[in-house]
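Read the structure below first, then the notes.
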Amino acid sequence: MGLLTILKKNRQKEKEIRLLMLGLDNAGKTTILKRINGEDIDTISPTLGFNIMTLEHNGFKMNIWDVGGQKSIRSYWRNYFEQTDGLVWVVDSADRLRLEDCKKELQELLLEERLSGASLLVFANKQDLPGALTDDQIREALDLDSIVTHHWAIVGCSAKTGSHLLQGVDWIVGDIGSRIYLLD
Amino acid sequence: MADISRDFRSVFDVEKQSIENALTGLEKLPKTDIQVAIDSLVQRIHALEKTVTDKISILAPFDARMCIEAIKSMSEQLNQLRTKLIPKQKFSFKSRKTTGASSPAVSSLSSPPSATPKPTAPALDYSQFMRFEDRSGEHLFIGTLPVPSSGTGQEVFMAKDVALTNLTDCTINLVHDIPLGAIHIKNLKHCTLVIPPVSGSILLHDCEGCTLIGACHQSRMHTSSNMNIYLHVTSEPIIEDCTDMRFAPYGQILPAEQLDRLFETAQLSKEKNFYDKVKDFNWLRQQQSPNWRLMEPSEIQPEIAAQLLRNDR
């Protein structure tokens, strides 16, 4: 039995996926997390630190890390990069004033070596708001089409109503699954 | 615990001293060795930082802070030296050099931007905002603004977002029968502002010397100073890079029945109010932050809202 086989077996047994959810403050990261988990979303405070949630999905055990997005704590994001299988980038689609900021932060993340193997899911959140940009407009604003280093997808969603959240999670779990567990 | 913390500090200090020595010696190295030396220093600083992060829960707060600051200063020093000693190379096509640990992902992504000159972000489109900007010394009432149309025929029920930017010495009244969502506030100086209960957040940047009266789900305030804030907020409000912020409860800005109805429309709980649980992102400790405080009862001026609202009845 070769080393590779052992590693593969080991990985299969666990079938664990680590997702890291980042984005500017007020993007709705915690709300997405709580909505997916069916928790109350009315009293969510801005995140000082992080939240973790573990859930089963399509036979995978997902650990989702939701890290606060305030400017002063973004420098701590890198403490969470290690062993990330998927990056979920959450965008407040109605926050036009800070789209440039949002693009810059995302581009910096994509240069990060420790995230180089991760799939990227962009949630264009807050589609329920009347002033929200569509997922296509967000794709253009963040210049996602120029990303060649990562598998990526963008999904317009609303954490408030819950629409399309599962579609996004399905994509990223599927993409990671097909990559890591290719030889199942 | 104090011992563990002290022991850790002495181990930490030895490595720190050694890194600092290496940093000062960096300039004397031959050019060809610099990149390698820098890469190894990056790794050492990272490794040191990791030991601090691992031990952070058992370190005395003072030690933890000193360690974190030392690491930050070393990283900054290293970055400065890096830009000084390794001039940016002009872009050209050539086979990829192995530059050590820190940059394989960089090189594969760095070329596209210049190749395809695309228009960056779509022009800021405020058509969905109700907004006031670049005014001074005026009274501004939201009832005088046109209600933006979203084209769905449901304008009346959809909450509208508001943007207030670059206002000086103004009084602003947002209380009207239009339901409001998020309130984006930027660069207000010496203004007084009354916001009805809204279904979204209040987001505030770069304000000074203002009085703000508002009710919302989330309150996020940044880079502002010397503010009086009368707040009803159903989650913990945050401040970041702010000084001299004074908080008080929202108060009865309208007759009870009318106010209850507004709370209901905005789906805000009237019972929950976290105005006194402010979190300061620049003060991650147990003790009270010096950047905010609650107003003394004698400082609270309930008549401000009433006076401001009276103009627009």
Side-chain angles (χ1 to χ4, degrees), chain A residues 25-26 28 30-31 41-49 68-76 78-80 82 92 94-103 107-117 126 128-133 136-138 140-143 145-150 160, chain B residues 49-50 53 72 101-106 108-110 112-113 115-116 118-122 124-129 148 150 152 154-155 158-161 163 165 181-182 184 186 200-201 203 205 217-220 222 233-238 240-241 267-269 272 274 277 279 281-282 284:
Chain A
D25 47 297
N26 199 43
T30 308
T31 311
I41 60 165
D42 287 338
T43 54
I44 294 173
S45 301
T47 307
L48 214 175
Q70 301 296 326
K71 202 169 199 164
S72 50
I73 58 173
R74 282 179 213 159
S75 53
Y76 298 105
R78 58 199 172 85
N79 296 346
Y80 301 87
E82 220 65 63
D92 174 352
D95 190 358
R96 296 150 194 263
L97 296 171
R98 295 198 299 163
L99 271 179
E100 268 302 306
D101 257 4
C102 179
K103 176 181 169 185
Q107 286 182 340
E108 276 174 25
L109 278 181
L110 295 180
L111 298 180
E112 179 59 46
E113 191 194 6
R114 283 173 290 168
L115 295 176
S116 58
K126 308 202 185 180
D128 57 294
L129 294 181
L133 296 169
D136 269 346
Q137 286 169 313
I138 297 287
E140 201 171 307
L142 300 185
D143 201 12
D145 291 312
S146 74
I147 298 175
V148 291
T149 47
H150 296 67
K160 203 163 159 188
Chain B
E49 184 175 26
K50 187 158 185 305
T53 342
K72 208 172 138 208
S102 59
S103 57
V106 181
S108 47
L109 193 72
S110 54
T116 49
K118 252 190 210 168
T120 47
L124 292 181
D125 168 13
Y126 280 108
S127 64
Q128 294 298 328
F129 278 99
S150 58
T152 56
Q154 298 198 319
E155 274 74 43
M158 297 275 260
K160 298 298 168 195
D161 286 355
T165 38
H184 298 256
K186 199 170 164 67
S201 309
L203 303 151
H205 290 88
H217 274 288
Q218 282 194 345
S219 156
R220 299 168 183 256
H222 310 262
V233 57
T234 56
S235 65
E236 290 167 339
I238 65 122
E240 182 178 51
D241 302 324
Q267 295 181 307
L268 280 186
S269 153
K272 267 181 262 171
F274 291 88
K277 306 270 188 311
K279 279 187 180 169
F281 275 74
N282 305 103
L284 309 178

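Within every chain, numbering begins at 1; the chains are lettered A, B, ... in the order of the sequence lines, protein sequences first and strands thereafter.
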Atom pair [atom1]/[atom2] of [X] and [Y] - distance to nearest 0.5 Å:
{"X": "B:H217", "Y": "A:I44", "atom1": "NE2", "atom2": "CD1", "answer": "10.5 Å"}
{"X": "A:T30", "Y": "B:Q218", "atom1": "OG1", "atom2": "CD", "answer": "8.0 Å"}
{"X": "B:K272", "Y": "A:D42", "atom1": "NZ", "atom2": "CG", "answer": "6.5 Å"}
{"X": "B:K72", "Y": "A:S75", "atom1": "NZ", "atom2": "OG", "answer": "7.5 Å"}

For this session: Tell me, for A:N79 versus chain B, whether the close heavy atoms (under 4.5 Å) come from the side chain, the backbone, both or neither.
Result: side chain
Exercise. Side chains of A:P46 and B:R220: closer than 4.5 Å at any heavy-atom pair?
Worked result: yes
For this session: Please state whether the side chain, the backbone, both or neither of B:T234 comes within less than 4.5 Å of a heavy atom of chain A.
Result: both
For this session: Give a yes or no on whether a salt bridge exists between A:R78 and B:E49, defined as a side-chain N under 4.0 angstrom from a carboxylate O.
Result: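 Judged by the 4.0 Å cut-off on N to carboxylate O distance, A:R78 and B:E49 do form a salt bridge.
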Exercise. With a cut-off of 6.0 Å (strictly less than), are more than 12 heavy atoms of other residues, nucleotides or ligands near CD of A:E108?
Worked result: yes
For this session: With sequence neighbours excluded, tell me which residues meet salt bridge (Lys or Arg N to Asp or Glu O under 4.0 Å) with B:E240.
Result: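 Scan of B:E240 (salt bridge (Lys or Arg N to Asp or Glu O under 4.0 Å), adjacent residues dropped) gives none.
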Problem set entry | CA sep, side-chain torsions, deciding dist, call: B:H222, A:D25, side-chain contact (heavy atoms from CB on, under 4.5 Å) | CA-CA 11 Å; B:H222 310 262; A:D25 47 297; 3.6 Å; yes
Seminar exercise, completed: On a heavy-atom basis, the closest approach of B:F129 and A:A94 is CZ-O, 4.1 Å
Seminar exercise, completed: chain A shares the most heavy-atom pairs under 4.5 Å, among B:N282, B:L203, B:V233, with B:L203
